[in-house]
Amino acid sequence: MLAGLRGVLANARAEKTAIAAFNVPNLEMVRAAIQAAEELERPVILQHAQGHDSLIPLEEIGPIMLDYAKRSNVPVVVHLDHGKSFDAIVRAMKMGFTSVMIDASDLPFEENIARTKEIVKIAHSLGISVEAELGHVFTSSLGGGEGRAPDDEKIGETDIYTDPKQAKQFVAETNADCLAIAFGTVHGIYLKEPKLDLNRVKQVYEEVGIPLVMHGGSGVSEEDYQIAIDNGITKINYYTYANKAGAAALAHYLAQHSKEYFLEDCVEMTTKALKSDYQKAINSFNRGATSY
Ligand code: 13P
C-alpha cells in the first residue's frame with residue numbers, strides 16, 4: 001500500500017529501527033525492492049533521485065514506482081530524492097509521490113531555510129512529507145550519481161558536518177519532517193574505510209528530535225549502522241553497493257555460462273541478486289522488529 005513517510009518513520013523510530021530507502025532507476029530495482037520488502041514483511045521507501053533523470057526520467061519511472069507501491073501488501077513510501085529544482089519537486093508531488101526531498105544544502109544557510117520552507121508549505125498543504133538537508137555529504141568519483149559532482153580529495157574533511165545548533169534552528173524555522181545530515185558518509189563507493197562521527201548524529205538528534213537520514217548508506221559496516229540507528233538515524237539511503245552487487249552477479253553468471261546468452265535470463269538473475277542484497281540491508285536496519 002502507498003504510505004506516507006512521517007508515519008513510517010515514526011513507527012521505525014519507536015522500535016529503534018531504520019527504513020531502507022532504495023534508489024530504483026529501472027524496473028528490475030523496483031521489482032527487487034518490493035519483493036525484498038514483502039518477503040520480510042517490512043515497510044520500504046522507493047526513491048527516485050532527480051540526478052537519475054539521465055538514466056530514466058521521473059515521468060517514466062514515477063508511475064511505475066507508484067503502481068508497485070499501491071499493489072504491495074507492505075507500506076511503501078514513494079519519495080523524490082535530492083530534489084534540486086522547484087519544478088521537479090512540484091512534478092513529483094503532482095504525480096502522487098508521498099514524500100519529497102528538497103536539497104538546498106549547497107546554498108548558504110539562510111537560503112537553504114528559505115527554499116526548504118517554501119517546499120514544506122506546499123507539501124504539507126497536500127499531506128506530503130519533506131526531507132531537507134543540512135551539511136554536505138561528499139560524493140566519490142566511483143558511483144554516487146544520485147548525489148553531487150565527485151569531490152574525492154575533500155572526503156574526510158569534517159568542517160562540512162552538520163552543526164547541531166544550526167540544525168535546531170533549521171528545523172524550527174522550516175518544519176521539515178526529517179533531516180539528512182553530514183557525519184562522514186559518502187555517496188558512491190568508499191575509496192577508504194569510512195570514519196563516521198556517530199556522536200554527531202546523537203548531538204543533532206538531541207537538538208532536533210525529528211528522524212535523521214543517512215545518505216551514502218551503502219558500504220557502511222553493520223556496527224556503524226546499529227550505532228547510527230541508536231543515535232537517531234531512521235531512514236537509510238542505499239544505492240551504490242546494490243548496483244554493484246547486481247552487476248557483479250551478472251558478470252559471474254556470464255563467466256560461468258559460455259554458450260548462448262539470453263537477456264531474459266540475465267534480467268532474472270540480476271533481479272534475484274538485487275533482492276538478496278536489499279534483504280541484507282533491510283535486515284541490517286531492522287534488528288528483529290516485525291510490526292508495522
Ligand atoms: P549510496 O549510493 O552511496 O548508497 O547513497 C545513496 C544515497 O544517499 C541516495 O541519496
Side-chain angles (χ1 to χ4, degrees), residues 5 9 18-26 29-30 32-33 36 44-56 58 61 65 77-84 88-89 92 97 99-106 129-152 154-155 160-162 178-196 201 211-222 224-225 228 233-248 274 277-278 280-282 284-285:
L5 185 71
L9 293 190
I19 304 298
F22 299 124
N23 292 81
V24 288
N26 53 59
M29 286 179 157
V30 172
V44 72
I45 300 162
L46 298 184
Q47 57 185 18
H48 175 72
Q50 191 187 331
H52 279 168
D53 271 3
S54 54
L55 298 175
I56 187 164
L58 174 67
I61 196 70
M65 292 160 71
V77 177
V78 179
H79 173 81
L80 180 77
D81 186 30
H82 289 290
K84 289 281 191 187
I89 296 170
F97 278 39
S99 177
V100 292
M101 176 183 188
I102 158 76
D103 178 3
S105 60
D106 48 355
S129 310
V130 178
E131 173 183 336
E133 178 166 332
L134 185 65
H136 182 116
V137 178
F138 287 128
T139 293
S140 140
S141 56
L142 282 176
E146 73 283 14
R148 308 159 181 270
D151 35 21
D152 286 344
K154 293 192 180 151
I155 293 171
I160 43 71
Y161 289 2
T162 309
C178 59
L179 185 68
I181 60 166
F183 61 102
T185 57
V186 171
H187 288 116
I189 290 181
Y190 285 92
L191 304 173
K192 290 189 257 175
E193 199 189 324
K195 291 232 178 322
L196 307 185
V201 177
L212 300 179
V213 182
M214 179 193 289
H215 279 245
S218 66
V220 170
S221 73
E222 288 289 323
D224 284 353
Y225 283 138
I233 292 290
T234 313
K235 171 177 182 276
I236 301 184
N237 286 10
Y238 188 101
Y239 175 61
T240 298
Y241 282 69
N243 197 14
K244 208 162 104 80
L274 284 168
D277 191 77
Y278 288 153
K280 214 167 138 241
I282 293 171
S284 296
F285 308 159

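In what follows, every heavy atom counts, from backbone to side chain, and hydrogens, waters and symmetry copies are set aside. Just follow the structure's listing: the first ligand is 1, and inside any ligand the first atom is 1. Since the structure is predicted, the reported quantities are computational estimates derived from the model, not experimental observations. Position 1 is the first residue of the sequence, and the numbers go up from there.
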Exercise for the section: Decide yes or no for V130 and I102: does some side-chain heavy atom of the first lie under 4.5 Å from some side-chain heavy atom of the second? Expected result: yes
Practice task
Quick one: sort the Y190 and Y241 rings into parallel, tilted or perpendicular, breaks at 30° and 60°.
Solution key: tilted
Problem - Residues in the immediate environment of ligand 1 (any heavy atom closer than 4.0 angstrom) - result: N23, D81, H82, E146, V186, H187, G188, H215, G216, G217, S218, N237, Y238, Y239, T240
Practice task
Name all residues meeting the salt bridge (charged side-chain N to carboxylate O under 4.0 Å, His left out) criterion together with D106; count only those two or more places apart in sequence or in a different chain, and write none if there are none.
Solution key: K84
Exercise for the section: Not counting sequence neighbours, list each pair that qualifies as a salt bridge (Lys or Arg N to Asp or Glu O under 4.0 Å) and has a residue in residues 235-244. Expected result: E131-K235
Problem - Under 3.5 Å donor-acceptor, T162 side chain and L134 backbone - result: yes
Completion exercise
Sorted by chain and number, sequence neighbours left out, ring pair (Phe, Tyr, Trp, His ring centres under 6.0 Å) with H215 holds for H82, H187
